Amino acid sequence: MGRPYVFITRKLPDDIIAPIKDIAEVAMWPHDDIPVSRDVLINEAKKADALLTMVSDVIDQEVLKAGKSLKVVANMGVGFDNIDVPAATKYGIAVCNTPDVLTDTTADLTFALLLAAARRIVEAAQFIKEGKWKSWSPFLLAGVDVHHKTIGIVGMGKIGQAVAKRAAGFDMNILYHNRSRNIEAEKQLGATYCSFQELLATADFVVCLTPLTNETRHMFNREAFRKMKQSAIFINASRGAVVDEQALYDALVSGEIAGAGLDVFEHEPIDASHPLLTLKNVVALPHIGSATGETRTKMMELASRNIIAVLQGKQPETLVNKEWNSR
């Protein structure tokens with residue numbers, strides 16, 4: 001019997017995928033900055049026993065059905081809304097993600113985005129680079145305080161809890177909304193559970209960390225932004241499609257809210273013509289929540305271990321579809 005075949009959808013370092021090569025034949029898309037084409041993905045799925053994918057890869061029913069020998073899809077990310085998990089389960093394919101290893105890194109970035117939007121960091125950096133700093137003035141690029149303000153976290157999972165921990169260090173009042181109450185966050189961090197509507201009306205900083213589901217798609221819509229304070233700053237470090245971007249743009253232009261910090265967008269990558277990028281009160285980043293060398297390496301290693309486990313008939317470390325039965 002031949003060795004199993006693994007396809008990796010982006011170019012990863014050879015030393016990281018070496019353990020997979022010890023047990024399988026490995027093919028890898030030759031680019032780290034260009035996504036694999038749809039045709040290549042489907043053709044590779046047809047012969048693969050395992051796929052190591054990125055959150056930007058669409059692993060839908062067509063791909064999964066093509067994978068007659070496919071046993072596992074290991075996604076490099078916490079989110080897995082790019083994968084048709086019910087279809088994978090139906091076909092006996094394990095779906096794995098990479099939680100935990102990126103929690104603190106993503107929380108760091110989320111809070112950095114909050115600080116950057118509040119204190120106009122990007123705008124100020126550009127101001128000085130363009131030679132516009134001619135004198136000191138009392139309100140030059142004046143932002144807003146973060147300390148002792150109210151943060152409202154929508155999605156109090158592990159990353160949300162890590163953001164709340166950072167907010168506590170700034171003596172912030174912590175509100176949160178979640179599908180269910182997080183008693184640990186309430187006890188350890190003094191977080192207060194409230195309704196979505198109450199959070200919107202009360203928070204100075206509204207931080208979106210909820211996963212993308214049918215229920216959360218466009219939950220931040222025109223009505224939601226109108227309920228926020230005019231001084232509120234909106235932060236999104238979860239998934240772009242949780243936000244109605246036209247509604248956000250209108251709210252920022254009309255002054256319904258004061259600013260936004262965005263690490264994610266509904267259709268990625270965006271280009272310089274995106275309407276939100278024309279606004280000075282928007283800090284925009286290219287989906288770099290977990291982007292440190294240390295954390296991305298850990299994510300690659302965990303995805304590799306999940307593939308190896310499934311191919312060796314073992315339980316993977318971070319299985320998404322708990323009802324999975326191997327074929």
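It should be emphasised that the depicted structure is a prediction, and the values quoted were computed from it without experimental measurement. In this chain, residues are counted from 1 in sequence order.
- Taking the side chain as every heavy atom from C-beta outward, Lys71 and Ile93 never approach each other to under 4.5 Å.
- Placement of Val154 and Val78 in two distinct hydrophobic clusters is found when ILVMFWY residues are connected by side-chain heavy-atom separations under 4.5 Å, directly or transitively.
- Of the charged side-chain nitrogens involved, at least one lies within less than 4.0 Å of a carboxylate oxygen, so that Arg38 and Glu62 count as a salt-bridged pair.
- Within the 4.5 Å cutoff, side-chain heavy atoms of Leu115 are placed close to those of Phe170.
- Residues Gln246 and Arg222 share a closest heavy-atom pair of CG-NH2, 4.5 Å.
- Side-chain contact check for His274 versus Leu277: some heavy-atom pair is nearer than 4.5 Å.
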Check against side-chain contact (heavy atoms from CB on, under 4.5 Å), Ile307 and Leu52:
CA-CA 8 Å; Ile307 286 174; Leu52 197 163; 3.7 Å; yes

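- Hydrophobic cluster membership for Leu140: Phe127, Ile128, Trp133, Leu141 (Ile, Leu, Val, Met, Phe, Trp, Tyr linked by side-chain heavy atoms under 4.5 Å, directly or transitively).
- Leu209 and Phe220 are members of different hydrophobic clusters when ILVMFWY side chains are connected at heavy-atom separations under 4.5 Å.
- One hydrophobic cluster, built from ILVMFWY side chains closer than 4.5 Å, cannot hold both Leu252 and Val264; they sit in different ones.
- The two residues Thr110 and Ala237 have their closest heavy-atom pair at OG1-CB, 3.4 Å.
- Met219 contributes atom CE, which lies 6.5 Å from atom SG of Cys208 (distance to the nearest 0.5 angstrom).
- Summarising the hydrophobic clusters (Ile, Leu, Val, Met, Phe, Trp, Tyr; side-chain heavy atoms under 4.5 Å, direct or chained), the residues clustered with Ile183 are none.
- Asp263 has its side chain within reach of Ile288: a pair of non-hydrogen atoms, C-beta onward, lies under 4.5 Å apart.
- Across Lys158, Gln188, Lys187, Gln161, a single residue satisfies side chain to side chain donor-acceptor pair (under 3.5 Å) together with Asn182, and that is Gln161.
- One hydrophobic cluster, built from ILVMFWY side chains closer than 4.5 Å, holds both Val85 and Leu41.
- The two atoms that bring Ala118 and Phe205 nearest to each other are CB-CE2, 3.7 Å, heavy atoms only.
- Put simply, the residue from Arg166, Lys298, Lys165 that forms a salt bridge (Lys or Arg N to Asp or Glu O under 4.0 Å) with Asp104 is Arg166.
- Scanning both residues, Asp84 and Ala87, for their nearest heavy atoms gives OD1-N, 3.1 Å.
- Between Tyr249 and Val253 there is a side-chain heavy-atom pair separated by less than 4.5 Å.
- Contact record, Ala232 with Ala203: CB-O, 4.0 Å, taken as the closest heavy-atom pair.
- Salt bridge absent: Arg10 and Asp32 never bring a charged side-chain N and a carboxylate O closer than 4.0 Å.
- Linking Ile, Leu, Val, Met, Phe, Trp and Tyr whenever their side-chain heavy atoms come within less than 4.5 Å leaves Leu109 and Phe265 in two separate clusters.
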